[in-house]
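Worksheet: one structure, shown below.
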Amino acid sequence: PVAYFPLDDMDGEEPLNIIPGGLAKARLVPRFALYLGGQVEQSVQFVGGWMNVNFPKPIPLKRVEFSVWPGLRPETSGGASGGLVMALGSSVSLDGDGTLRLNSKSASVKLPARTWTRLSLETTGQGLRLLVEGVVAAVDQPQGKPFGFIRFGADFQGRIDEIAIYGSALKAERIAE
């Protein structure tokens, strides 16, 4: 990866990129809290805020991976809807019922509340694809030029962890891991 934020270590509001020589910097913005899920695992609990990842110069990005743990559903007095990631000229969001969306297209799966799930968004020669646990869940075209940053968690209520950003697409064998 060109950047990897395990979200275990923080320097104030700045998650640490553990890639040696990694140039990407991240910053958490208002309305978030750190969640300590035991002695070892830590993630960021979002309650409407977000995390921006910036690169000092443009680099070609091909894939963004992260783990997500949606909070409570609206019918149980929570609210898991919101933006999960804006990257690669597109966005992935979560509806209140757990439906994932790639831009405006519904994905083929719903995410369960209070369960960790690994998501990937990658560019291909034919456009974009959203993978859930390594399985293609939605395909679409970018909605514009790539953003100058990557944003995680806009108006999302839940946890995000283990963010990896790649400059190349991964082989099928690596995705299956």
Side-chain angles (χ1 to χ4, degrees), residues 1-5 7 15 17 19 22-29 31-32 43-44 46 48-71 79-112 116-172 174-176:
V2 296
Y4 181 66
F5 299 93
L7 300 179
N17 178 1
I19 298 299
L23 299 175
K25 303 286 184 207
R27 185 159 188 82
L28 293 163
V29 296
R31 297 183 308 205
F32 74 91
S43 60
V44 173
F46 288 88
W50 58 84
M51 180 178 123
N52 277 349
V53 176
N54 296 296
F55 292 86
K57 61 182 181 180
I59 63 170
L61 300 177
K62 299 291 185 184
R63 184 179 181 87
V64 176
E65 286 186 2
F66 59 100
S67 295
V68 62
W69 186 94
S81 63
L84 295 176
V85 65
M86 288 174 47
L88 308 175
S90 295
S91 64
V92 176
S93 60
L94 184 66
D95 290 348
D97 67 353
T99 300
L100 276 171
R101 292 195 180 279
L102 173 56
N103 299 319
S104 61
K105 292 189 174 185
S106 294
S108 59
V109 297
K110 290 186 178 186
L111 295 187
W116 283 107
T117 305
R118 190 75 177 163
L119 300 181
S120 303
L121 178 64
E122 71 177 15
T123 60
T124 68
Q126 293 76 41
L128 291 169
R129 61 184 187 174
L130 172 65
L131 295 93
V132 177
E133 298 292 347
V135 177
V136 176
V139 177
D140 199 6
Q141 295 299 312
Q143 297 300 300
K145 293 183 179 182
F147 309 108
F149 60 89
I150 298 174
R151 176 171 288 166
F152 293 90
D155 296 321
F156 171 66
Q157 293 192 21
R159 300 175 192 152
I160 294 179
D161 200 9
E162 305 292 330
I163 295 171
I165 303 167
Y166 296 86
S168 61
L170 296 181
K171 306 271 189 240
R174 170 63 178 91
I175 294 170

Are the side chains of [Y] and [X] in contact, using a 4.5 Å heavy-atom criterion?
{"X": "Met51", "Y": "Ile163", "result": "yes"}
{"X": "Val68", "Y": "Val85", "result": "no"}
{"X": "Leu128", "Y": "Pro142", "result": "yes"}
{"X": "Pro15", "Y": "Leu28", "result": "yes"}
{"X": "Leu84", "Y": "Phe66", "result": "yes"}

At what distance, to the nearest 0.5 angstrom, does [atom1] of [X] lie from [atom2] of [Y]?
{"X": "Asp155", "Y": "Phe46", "atom1": "CG", "atom2": "CZ", "answer": "11.5 Å"}
{"X": "Leu100", "Y": "Leu130", "atom1": "CG", "atom2": "CG", "answer": "5.5 Å"}
{"X": "Leu111", "Y": "Glu133", "atom1": "CG", "atom2": "CD", "answer": "9.0 Å"}
{"X": "Lys105", "Y": "Thr99", "atom1": "NZ", "atom2": "OG1", "answer": "16.0 Å"}
{"X": "Met86", "Y": "Ser91", "atom1": "CE", "atom2": "OG", "answer": "7.0 Å"}
{"X": "Thr123", "Y": "Arg63", "atom1": "OG1", "atom2": "CZ", "answer": "10.0 Å"}

Where is the tightest heavy-atom contact between [X] and [Y], given as atom of each residue plus distance?
{"X": "Phe149", "Y": "Asn54", "result": "CB-OD1, 3.2 Å"}
{"X": "Val64", "Y": "Ala87", "result": "CG2-CB, 4.0 Å"}
{"X": "Asn17", "Y": "Leu23", "result": "ND2-N, 4.3 Å"}
{"X": "Phe55", "Y": "Ala24", "result": "CE2-CB, 3.4 Å"}
{"X": "Arg118", "Y": "Asp161", "result": "NH1-O, 4.0 Å"}
{"X": "Phe156", "Y": "Gly83", "result": "CB-O, 3.3 Å"}

Residues passing the side-chain contact (heavy atoms from CB on, under 4.5 Å) test with Ala137, sequence neighbours excluded, are Ala107, Ser108, Val109, Val132
For Arg101, the side-chain contact (heavy atoms from CB on, under 4.5 Å) test, sequence neighbours excluded, returns Ser93, Asp95, Ser106
Any donor-acceptor N/O pair, Gln141 side chain to Gln126 backbone, under 3.5 Å =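 It does hold such a pair.
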Check ion pair Glu122-Arg129 (N to O, under 4.0 angstrom): yes
Exercise. Hey, are Asn103 and Ser90 close enough side-chain-wise for a donor-acceptor pair under 3.5 Å?
Worked result: yes
